[in-house]
Amino acid sequence: MKEIVIATNNNHKFSEIVSITQDWGVNCLSLNDFTCSFSYDEPYFSFMENALHKAREVSKLVSLPVLADDSGICVDALNGKPGVFSSRYSEDGTDESNRRKLLSALHGISNRQATFICVMVLIRSYSDLCPLVSYGFWSGCITLEEVGETGFGYDRIFLPLGCKQTAAEMPPSSKRDLSHRAQAIRKMREEILRCPWG
Ligand code: ITT
């Protein structure tokens with residue numbers, strides 16, 4: 001079975017990616033499967049550049065294809081913030097304080113529209129001349145308070161368009177169908193199948 005390294009330190013993301021790629025016929029390895037330690041920053045202002053950077057940093061140390069995702073939530077009334085800074089929005093950067101900061105930034109604001117964005121990059125080697133890239137968007141709005149207990153990040157305060165449950169209330173199987181990450185993964189699958197040397 002082919003192996004692929006998922007370049008993330010976020011266990012929730014890793015589990016979502018593994019469950020959505022189950023039928024790909026690949027074995028997803030996590031960074032914990034390696035003895036070396038990986039470190040990467042996210043220095044850029046676009047999800048695409050950050051995702052490629054993460055994939056390359058991990059690829060320096062492993063000789064396997066690497067899949068990375070950079071994602072975040074973009075809030076209309078905040079001109080797209082927190083965006084690429086979603087995981088570092090509050091001072092201590094925990095999910096709980098990030099959510100609290102976002103709820104207080106939107107206090108008294110009626111336009112609560114927001115979009116989760118995920119950009120996924122697959123490289124076959126560090127010097128891959130043609131990284132595969134895919135995108136996913138999940139629109140909705142920010143709730144007035146936290147609702148639900150599953151998921152991670154901003155799930156408890158994100159009500160997807162057309163849904164009656166927040167991303168943290170819906171069954172994980174629904175998030176796996178609908179989310180920005182699920183969409184990006186499905187599109188990545190199409191890219192891989194289209195790619196002549198895939
Ligand atoms: P890696 O860089 O190691 O992959 P990370 O959590 O720092 O882990 P990102 O830099 O891509 O990943 O930041 C994504 C942040 O955006 C994440 O920490 C959440 O706060 C938020 N986010 C992204 N996808 C989400 C989702 O499906 N549900 C809830 N919040 C999400």
Side-chain angles (χ1 to χ4, degrees), residues 5-20 28-32 34 37-59 61 66-75 78 80-103 105 114-122 133-143 146-160 163 165-186:
V5 182
I6 310 299
T8 182
N9 287 308
N10 181 326
N11 295 333
H12 295 278
K13 266 190 188 182
F14 180 76
S15 310
E16 288 187 9
I17 293 171
V18 168
S19 64
I20 301 168
C28 294
L29 301 178
S30 89
L31 299 184
N32 299 327
F34 297 85
S37 77
F38 299 91
S39 80
Y40 47 76
D41 49 1
E42 294 171 8
Y44 299 109
F45 291 104
S46 77
F47 293 113
M48 219 275 285
E49 289 165 295
N50 282 333
L52 182 57
H53 177 70
K54 282 187 223 182
R56 283 221 179 102
E57 289 302 295
V58 170
S59 185
L61 300 171
V66 177
L67 181 79
D69 114 21
D70 198 49
S71 48
I73 192 154
C74 300
V75 177
L78 303 178
K81 283 184 184 152
V84 290
F85 301 105
S86 293
S87 63
R88 305 162 270 163
Y89 186 45
S90 61
E91 211 168 307
D92 66 18
T94 63
D95 285 354
E96 194 184 350
S97 62
N98 287 341
R99 289 192 297 269
R100 211 177 316 122
K101 180 168 177 183
L102 186 50
L103 287 178
T115 306
F116 266 125
I117 299 181
C118 173
V119 180
M120 200 156 267
V121 168
L122 175 68
V133 183
S134 64
Y135 301 82
F137 302 90
W138 200 19
S139 299
C141 64
I142 303 299
T143 52
E146 297 201 0
V147 188
E149 285 178 0
T150 62
F152 70 100
Y154 298 87
D155 281 343
R156 292 175 190 204
I157 57 169
F158 182 72
L159 183 68
C163 291
Q165 292 176 309
T166 65
E169 278 183 294
M170 59 177 52
S173 58
S174 301
K175 188 179 177 196
R176 274 202 301 275
D177 279 347
L178 301 171
S179 81
H180 49 311
R181 185 160 300 103
Q183 296 175 42
I185 293 172
R186 284 197 294 267

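Start at 1 and go down the list; that is how both ligands and their atoms are numbered. Just so it is clear, the structure is predicted and the values come from calculations on it, not from any experiment.
- You'll find the ring centres of Tyr40 and His53 outside the 6.0 Å limit.
- With sequence neighbours excluded, the residues satisfying side chain to side chain contact (heavy atoms under 4.5 Å, CB included) with Ser174 are Met170, Pro171.
- Looking at Pro160, Ser139, Ser71 one by one, the single match for side chain to side chain contact (heavy atoms under 4.5 Å, CB included) with His180 turns out to be Ser71.
- Looking at heavy atoms from C-beta onward, Glu42 lies out of side-chain contact with Val84 at the 4.5 angstrom threshold.
- In this pair, His12 and Phe152 present their aromatic rings parallel. The plane angle is below 30°, not in the 30 to 60° band.
- At a 4.0 Å heavy-atom cut-off, the residues surrounding ligand 1 are Thr8, Asn9, Asn10, Lys13, Tyr40, Glu42, Lys54, Asp69, Asp70, Ser71, Gly72, Ser86, Ser87, Phe116, Phe152, Gly153, Tyr154, Asp155, Lys175, His180, Arg181, listed by chain and number.
- Side chain of Gln183 to main chain of Phe137: a donor-acceptor pair is present (N/O by atom type, distance under 3.5 Å, no hydrogens or angles).
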